[in-house]
Structure formats: structure tokens, C-alpha cells
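Read through the structure below, which is laid out as C-alpha cells, and then see the notes.
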Protein chains: 2
Amino acid sequence: MAISERKKKILTAVVEEYIRTAEPVGSKAIAQIGSLKCSPATIRNELAELVSMGYLAQPHTSAGRVPTPMGYRLYVNELMDRQRLSEEEAEDLNRRLNQRLQDLDDSIGGVSRLASQLTDYPALALTRQAAVSAQRFDLIYVDANTFIIVITLSSNVARSKLVRLPISVDQELVQRLGTLFNASFTGKREEEITPLLIHSTERAADDTAGITAVITAFLLEQLHEAAEPATFLSGENMLLSQPEFRDPDKAHRLMSYLSEGGHILPPSAAAAGTDEVRVFIGPENVAEELKDSSVIVASFDAGDGTRGLIGVVGPTRMDYSAVAAKLSFLAAGLSRRLGGGEAPPEGMHNKLIIKEPDNSHE
Amino acid sequence: MAISERKKKILTAVVEEYIRTAEPVGSKAIAQIGSLKCSPATIRNELAELVSMGYLAQPHTSAGRVPTPMGYRLYVNELMDRQRLSEEEAEDLNRRLNQRLQDLDDSIGGVSRLASQLTDYPALALTRQAAVSAQRFDLIYVDANTFIIVITLSSNVARSKLVRLPISVDQELVQRLGTLFNASFTGKREEEITPLLIHSTERAADDTAGITAVITAFLLEQLHEAAEPATFLSGENMLLSQPEFRDPDKAHRLMSYLSEGGHILPPSAAAAGTDEVRVFIGPENVAEELKDSSVIVASFDAGDGTRGLIGVVGPTRMDYSAVAAKLSFLAAGLSRRLGGGEAPPEGMHNKLIIKEPDNSHE
DNA sequence: GTTGGCACTCTTTGCTTTCGAGTGCTAATA
DNA sequence: TATTAGCACTCGAAAGCAAAGAGTGCCAAC
């Protein structure tokens, strides 16, 4: 059955009122909202139909209506205003973003904090490198017992470590090792660095002191760490201010799940195109723990093939419109600052596409 | 009035039972615990006296007794067993500690996570450097538009950054800048790097492209960051499993306070001697938000004049004994691995001194 | 000094009642 | 035919109340 214009208006009113108040909304309240010029009775009839169509639900016979996940979905896809931030908001956000952003890697935590402060929901941020390898090795001789390893990764981040040795080395050895590592390990991804390769390098180095082992260990550690999607979560406490989490057990369950850092995002989220906002409503989430929460994610280009995601978690009764706008703006700002390639002009809002998750398997 | 042996036993029983059950404990329960061979009636008399002495309180006339902060204080100072970890626990902990620990700086967050998992309370870890300065600069020429800054700090941590320039530089310039920076900025603390010094270096560099500015900015940023006490908080969600935080508002208030990262520790905590455990019970905390929680902190030596603290936050009804033992062990382990100087033999428990905070100002 | 006994207090729990918001239905109306 | 007013009905939330139970304080006896 097609859904009439008036039904859409009513559904919108229910969703927005429910988002605002967290209370089931009744026919009278909708009539008063305006934008509809008909009586509560008429609205009641429409509401009854919306219930039978599956967009709304009643907690119990004599209560107002509450949107179902399906209702939210329709709202998100078709009904809601695509909010844009006001000039001041945009400016403020840009300023804060600039403050945080020197090097993504250090500030990915800062980004998630920012997202959380901005939206008043717990937020997470993560990056996933495409394929990381070492681009270049520099070994700096400091003194007889000390040298510094600097590994420049393909993502153009330099990682360094100061190594103190129990034995002494000379400048020549350090330099020779540097050349050797540049020859053997540059461009290699983590899985390409086989024990065999390590072993042969070790022999070639003619290094009895085990210094090569230290370097390869550091290399592997850095590659591993860089390849590992770095996840940050902040603002967990925001959950507690939501009435749906007044039940401490429920709150605890979700918070534990979140802080385990695990599979918060549905796999398909990672596949999202840049600057596109995705919304996962209640049961659309794969993780059992998220079945009655919603997740909104935006994806951004962190440069050099690295993909980043920022998202927030909240009750299904979330302010989708506002949150999506903010995340979209944030993601666009990040892409602009971090991403290579064509930067959209500063200050311009990027388009806000909201994609529905792929549910073909259901 | 002096406190009799029997009163001590009874107080101990009340505290431990209350820690276990979170319910006010009655005379009958104490009698059944054993270790006292007298009737509930006798115990009631003693309890009444303990109440009038201020060690215990009654939530209401017909309820059992609950320890007051003063009661906990006595318990912590004199009565509780100084637990030591069992062999297996110690071994497990050591293993996990080794896993986490390569470089304190990266893993301070890991340490707090470990403390939280270990104790089932929210945990925080922080380090405070004594006075950080740059020990050495290395500028590595990569290509005409790129070079790497490596700053080795006095704390023996190397920090690096890959710099891309809009203009091109030659190897000679990079090298010259390196020498210049080594001459001008090594050994300088953040506050010693005045605009004047920066300016004169800039002039000496004969650098029209503003490369010195990039380097000084990075230097200042790193010094600032290193001097800033790095705080990490984890396991906030553990709070919610404590019955005293079943009230979502209360939980929210404390969690917000904690996640702001602020002044969790009383100032005196920072002054604690290494490997010493301090306990701050309820109102002993200076922060208003912590007035009915307890904080346990252990201090460790992170090497090179850096002091670290690990601590947990929980309700006053905390398992002081177990937590103190674990933190003490953890701190000792960290000191051993990170601290310079005399390392106590591996696997040995360090002594567990529990210091009372200095309350002379009250 | 210790103990058993007992009346008393105060919370907790469960039940019943009341109240009200909101519904669904029907009949009247534009 | 679509809308509206009216009204009886439902069901949860809040309030009130009684019974139960845990624990105390005190007294008198040991």
C-alpha cells in the first residue's frame, strides 16, 4: 500500500516528537503541532493504519505511538530534513578541527572526542590502512650504545624508536644495516616479511649481536600497528544521559560491548564511499548488543589509501538529522585536510548522501 | 577512647562483609562469621559503641551497620590483611605486563586498561615528566620536498615527523638546519624556548622558506605534549556493575567527571614515594565529585625522572586489600621494567606500604 | 561481662484502588 | 466519502495500605 502524503507528515511528526520527548506521542499532541489541519480523531485513524503498515508501534493499548525501526528507516530515507549546519556551527567546528589536526595518527582519538562532544553521543573513530609497508629506513647513530630507528611508512608517517644496546656498535655498522634494510624490506607488507626473509637478512648483515632482530621486531610491530584498524571510543558517559539507558544493566551491557572495541560497525560500513553517511537502525545492526541501538557513520579519506570512519552510537530514538549533518561535515573536513587529491573548497559543505545499509541477505 | 581488640575484630568483620555483599550487616551475620565466640546480643552492644565512636553508621534505625569513611580508614591503616598475590596471579600479571610494555609512552593506555581489567574498577594511569628537553635533533633529507625531523627527548623517547614542503630544499640546507638546531635548542625546556630565541635562530638559519618555523613548532608541540601529564582512563563501564552506581544520575555524574580527565588525584598523590600505595577514602578526596568514592593509587618510577601513577576509582565499599595488592604489584613491575637504577629481582613482590593522605589542612 | 527474650522501628514487598492519557468505535456532519 | 465529535473502554503509573521481615535497643537473668 502506498503511503499518502498526510501519512508521511504524521509519521514525521511522530518521529520528531518522539526524538524530542522520548515519550510515546498521542493523536492530540500531533494535532497541536500544526502543519496538519485536522482533528485528533482523523489522526487516530491514520495512526491506526500506520501501525498496521508497520511504521509505528504501540507500547500498550492505551499509549501513544512510537516509531518502529521501519518507521525510522522511512524517516531517514525520505522524510527528514537534510540539515545543514549554521554558519556559526560550521565555523566553530572547523576551528576545533584545525586545532586537533596535525597528524591523523595522533589525533584520531581527538577526532572521536570531538564527534562525541559535538553530538552528545558516544563516538568512535577508526582508520584502516589499505596496505602498509615501510618506505624507507634511517638508522641514526647516536653513540656507541645507542641508535635511532626511523621507519617511514608508505602512509607517510614516520615512526621512530631509540634503541639502547647492551653491546657497542660503530657508526659504520649502523650505516651498513640501514642500507641493508632499505634494500631488503622497503615496500614489503607485513605478510611478506617471512621468517625466511628475516633470516637471510640477518645472515647478510653479519650481525652477531642481534641488532637486526631488534630492527625487524620494531618494523613488524609498526607495520602491524599501522595495519590494525586503530579504534577510538569516547564519550561513553553520554549514554547515561539518554532515558533509554536509565536501566543500568542495559547501559552496562552496551558500554561493555563498546569498550571492548570490537565489531561495532557492520562490515558493510567499511565499504561505504567517502563522505557518505550511513545509518544503521536497531535490528539492522549485526551485533546482538546493538539490536536496539542505532549507529551513524561517516567515512572519510585519510590520505594515501587510508580509510577512516567516524560514527556515533545511540538509542534508536536518535536525532538522525542533526547527527548525520554533523558527522557529514566532520568527515568532509577530515577528508579535505587529510585526503590527497581534489580538495573541495574550504568552508563548503559537502553533499549529504544517506545510504541505506545493504540488507539483501535478510 | 581506645578501641578494644574485640571491637577491631567486629569492625573488620563489618567492613569485609559489607565489601562482599554491599548490604548493611547485622549482628547475627557477624556472629555467624566465626572468629568471634559471642552472641549477637553482645555484638549489638559493641556495634552501638562503634557507632557512637564514629566508625560505623546506620542507614536507618532498624538496619544493619555500614562502615563510615573513618571506619574504612581504620580498616585500611590497621586492620586489613596485606594481601599478596598468589603465585599464579603474579605470574599471569607479569606475563600481561610484559606483553604491554615496549615503550611506556605508547602503552600507558595499555597499563590503565590492564589495571582496570585486573581490579574490575575504572582505572587511570598517568605520567608526569620532570623536565623535558630535546636532547638531539636529526633532520633526514628524503627528497627535494620532504624531510624527516627526529627529536630525541631527554626522556630518551624519539619523536619524529615527516614534513612535506611546498617548496624545494637541498640536502645541504637540511643538514645545516640540523646543526643549527642542535646548537640552539638542545637541553632547553619548553619555557626556555622564547620567541626571541626562535627569532634569532630563524635569522641565523637564513631560511626564507619558513622551514625553521615548522621545526620549532614541532619541537614545541612535542615538548608540550611530553611535559603534559598524559592521562588515560579505562574501564569506565566497570562502575555500572557496582550496586552503588545503580542510580544512573550518580553514575553519570562520576563518569562525566572522570572522562573529563581532570583532577582525579588529590595533589598529594603526586608527591607519593615510589611503589607506595595511597588510599583516599570518600571525603578525603578533594574533588567534590569523588566525595563518596574512593581512590587507590600507586606510584612508579618510569625512568629518567619521570613519575607515573596508576590508580583505580570505585565506591568507598571497595576491596581495598585486593586492589592495593594488585596495584602495588603492578607499580613494582612497571618500576622494575621502566625505572632506571636498582631493579629489584624479578618476580619478587615489593613491600606494600599504605600511606594515609596528608590531611593536615582539614 | 554476657546472653536470651521481647517489644519496637522502619524498610520492603505485594496488593488494591484510583487516576488519567489515549485509544477505538459509532454516529453525526460537511 | 472524508472528517469530526462524543463516549465507553483499556491499561499503565501513582498512591495508599497492610503484612512481613530484618534488625535494633533494652531489660532482666545468668
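Note: hydrogens, waters and symmetry copies are ignored here, and every other heavy atom, side chains too, is used. Each chain gets a letter, A, B and so on, in the order its sequence line appears, and its residues count up from 1. As the structure is a computational prediction, the values presented were derived from the model and not from experiment.
Counting to the nearest Å, the C1' atom of D:dG23 and the CD atom of B:E17 are 15 Å from each other. In this structure, A:L50 atom CG and C:dG22 atom C1' are separated by 17 Å, rounded to whole Å. With rounding to whole Å, A:Q32 atom CD is found 13 Å from C:dG22 atom C1'. One interatomic measurement links the two molecules: CD1 of B:I43 to P of D:dG25, which rounds to 13 Å at whole-angstrom precision. Here C:dA21 presents its P atom at 17 Å from CD1 of A:I30, a figure rounded to the nearest Å. Atom C1' of nucleotide C:dT2 and atom CD of B:E49 are separated by 13 Å, given to the nearest angstrom. Spacing between atom NZ of A:K28 and atom C1' of D:dT4 amounts to 15 Å, rounded to whole angstrom units. Atoms CD (A:E23) and C1' (C:dG22) sit 13 Å apart, rounded to a whole Å.
Distances from the side chain of B:N45 to the nucleotides D:dT4, C:dT3, D:dG25 place C:dT3 closest. Closest approach to the B:L47 side chain among D:dT24, C:dG24, D:dT4 is made by D:dT24 (side chain taken as heavy atoms from C-beta onward). With D:dG25, C:dT23, D:dA5 as the choices, the nucleotide that has an atom nearest any side-chain atom of A:S39 turns out to be D:dA5.
Of the charged side-chain nitrogens involved, none lies within less than 4.0 Å of a carboxylate oxygen, so that A:E288 and A:K291 do not count as a salt-bridged pair. A salt bridge links B:E276 with B:R278: the closest approach of a Lys/Arg side-chain nitrogen to an acidic carboxylate oxygen falls below 4.0 angstrom.
A sub-4.0 Å separation between OP1 or OP2 of D:dA2 and a side-chain N or O of A:R6 is absent. A sub-4.0 Å separation between OP1 or OP2 of C:dT23 and a side-chain N or O of A:S27 is present. For B:R65, a side-chain nitrogen or oxygen approaches OP1 or OP2 of D:dG25 to under 4.0 Å.
Identified under the salt bridge (Lys or Arg N to Asp or Glu O under 4.0 Å) test for residues 310-327 of chain A, with sequence neighbours left out: A:E244-A:R317.
Nucleic acid contact for B:A41: base, since at least one base atom lies under 4.0 Å from a heavy atom of the residue.
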Test log, rule side-chain contact (heavy atoms from CB on, under 4.5 Å), inputs A:L50 and A:K7: CA-CA 7 Å; A:L50 283 166; A:K7 281 202 181 59; 3.9 Å; yes
Protein-nucleotides 7-11 of chain D N/O pairs closer than 3.5 Å?
{"residue": "D:dT10", "atom": "O2", "partner": "A:S62", "partner atom": "OG", "Å": "3.3"}
{"residue": "D:dC11", "atom": "O2", "partner": "A:S62", "partner atom": "OG", "Å": "3.1"}

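B:Y121 contributes no side-chain N or O that, together with a main-chain N or O of B:Q117, makes up a donor-acceptor pair within less than 3.5 Å.
Other residues, nucleotides and ligands place more than 12 heavy atoms under 6.0 Å from the NZ atom of B:K8.
Taking every heavy atom of both residues into account, A:A123 and A:S116 meet most closely at CB-N, 3.5 Å.
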